[in-house]
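To start, the structure under review is shown below, and the notes come after it.
Every value quoted in this text rests on a predicted model; they were computed, and no experiment measured them. A, B, ... follow the sequence lines: proteins, then strands. Residue 1 opens every chain.
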Number of protein chains: 2
Amino acid sequence: MDGARMGWELSTAVVLFHEAVARKLGLSAVDHKALGVITRSGGLTAGALAGELGMNASAVTALVGRLERAGYARRVADPADRRRVLVEADPGNRPDLAGIFADLGADMNAFMSRYDARELATIADYVTRTVEVLRKRTEALQQSL
Amino acid sequence: MDGARMGWELSTAVVLFHEAVARKLGLSAVDHKALGVITRSGGLTAGALAGELGMNASAVTALVGRLERAGYARRVADPADRRRVLVEADPGNRPDLAGIFADLGADMNAFMSRYDARELATIADYVTRTVEVLRKRTEALQQSL
DNA sequence: TATAATACTTCATCAGATTGAATTATTCAC
DNA sequence: GTGAATAATTCAATCTGATGAAGTATTATA
């Protein structure tokens with residue numbers, strides 16, 4: 001299997017998994033994606049979230065409302081600028097989400113534990129660089145709209 | 001960076017890239033995902049596609065119509081059973097799609113070419129197993145709805 | 001051959017999310 | 001301090017895609 005095909009398979013598998021998780025959590029794919037962005041950022045303003053997702057402010061207000069009502073995120077007033085609202089992930093009271101990733105983590109560990117340190121370093125390097133490339137390409141696509 | 005965190009970053013990057021591509025192509029994320037499934041399968045019936053995507057038949061009719069009109073897929077009568085419609089990817093007349101993946105491929109090659117055979121084998125093994133796990137977990141999630 | 005089952009499509013309807021304009025609260029610039 | 005700019009929200013209108021029932025064509029069964 002060549003590299004491109006491999007990447008394609010991985011991408012499709014990730015996307016389908018992502019959507020299955022969303023459905024299980026009772027979220028749309030967009031909302032789940034937004035939750036991913038929020039979690040990764042460790043908290044960001046509503047406006048920044050709008051920028052990341054490419055949607056306008058009122059759509060984000062609605063989106064954050066849905067996530068908040070479902071218990072996946074919360075709004076926190078920004079102490080530095082009180083016009084701003086910080087959106088943070090709120091994983092505390094959602095054992096279902098934790099459960100899904102515990103299952104996935106167990107499966108991943110089952111084969112990851114068989115790699116030696118050298119192999120793990122190679123994998124880490126590959127993943128890190130792949131993420132870099134994907135981010136760069138994503139940004140390029142967004143620019144060119 | 002631990003394995004779980006790495007996987008999480010990769011997943012988010014893939015999903016955001018996937019959506020950016022969709023937007024660039026003028027497709028919704030769902031339609032783009034469907035196109036991925038169609039391409040990966042190498043052609044499948046409308047019914048099978050409905051099964052893969054978890055939507056009903058009429059939704060798939062509409063979806064395939066959109067992809068067909070946009071030039072990304074085509075319907076082919078199944079010679080074995082003329083009730084059936086085979087849906088195939090139609091990449092021929094869509095240079096935009098090819099262009100995006102050419103750019104991505106170039107970036108990927110830039111660092112992939114620096115791995116030796118042993119490292120490439122490790123990476124291939126990792127990706128293959130990760131895809132297996134993701135597919136298994138996706139199916140498990142779909143079952144448990 | 002008549003009947004039932006399958007595969008897809010069509011159509012009307014519905015639910016959901018997105019948009020844009022107007023509104024409120026806060027901060028910045030002069 | 002006043003006016004302009006910024007950040008988020010609310011609301012009405014709209015758009016998109018999904019659903020379910022009915023319809024058409026084809027194949028399987030008896």
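Rounded to whole angstrom, the span from the CG atom of A:D31 across to the C1' atom of C:dT18 amounts to 12 Å. One interatomic measurement links the two molecules: CD of B:E19 to C1' of C:dT18, which rounds to 13 Å at whole-angstrom precision. With rounding to whole Å, A:D81 atom CG is found 7 Å from D:dA7 atom C1'. Going from atom NE2 of B:H32 over to atom P of D:dG17 covers 15 Å, rounded to whole Å. Computed from coordinates, the B:R75 CZ to C:dT10 C1' distance equals 12 Å when rounded to whole Å. Rounded to a whole Å, the CG atom of B:D78 is 19 Å from the P atom of D:dA25. Look at CE on A:M55: it is 13 Å from C1' on D:dT16, rounded to the nearest Å. Look at NZ on A:K33: it is 13 Å from C1' on C:dT18, rounded to the nearest Å.
Here B:N56 lies in heavy-atom contact (under 4.0 Å) with a base.
Ring planes of B:F17 and B:F101: perpendicular class, angle over 60° (limits at 30 and 60°).
Closest-nucleotide positions on DNA chain D for A:T61 and A:R83 were compared, and the one nearer the 5' end corresponds to A:R83. Nearer to the 5' terminus of DNA chain C, by closest-nucleotide assignment, is the contact made by B:V64 (compared with the other of A:V30 and B:V64). Taking for each of A:A62 and A:R84 the nucleotide of DNA chain D with the nearest heavy atom, the 5'-most of the two is the partner of A:R84.
For B:R66 and D:dA18, the shortest distance from a side-chain N or O to OP1 or OP2 is below 4.0 Å.
Comparing D:dT26, C:dA21, D:dT19 by their closest approach to the side chain of B:S58 singles out D:dT19. Among D:dT9, D:dG20, C:dT9, the nucleotide with an atom closest to any side-chain atom of A:A57 is D:dT9. Listed nucleotides C:dT19, C:dT26, D:dA8 differ in distance to A:V85; the shortest reach to its side chain belongs to D:dA8.
Within 3.5 Å, no donor on the side chain of A:S28 pairs with an acceptor on the base of C:dG16, nor the reverse.
Distance check: B:D31 CG to B:Y72 OH gives 10.5 Å after rounding to the nearest 0.5 Å.
The pair B:D103-A:R137 meets the salt-bridge criterion, with a side-chain N (NZ, NE, NH1 or NH2) lying under 4.0 Å from an Asp/Glu carboxylate O. The pair B:K136-B:E132 fails the salt-bridge criterion, with no side-chain N (NZ, NE, NH1 or NH2) lying under 4.0 Å from an Asp/Glu carboxylate O.
Checked by atom type and distance alone, the side chain of A:R23 pairs as donor or acceptor with a backbone atom of B:G54 at under 3.5 Å.
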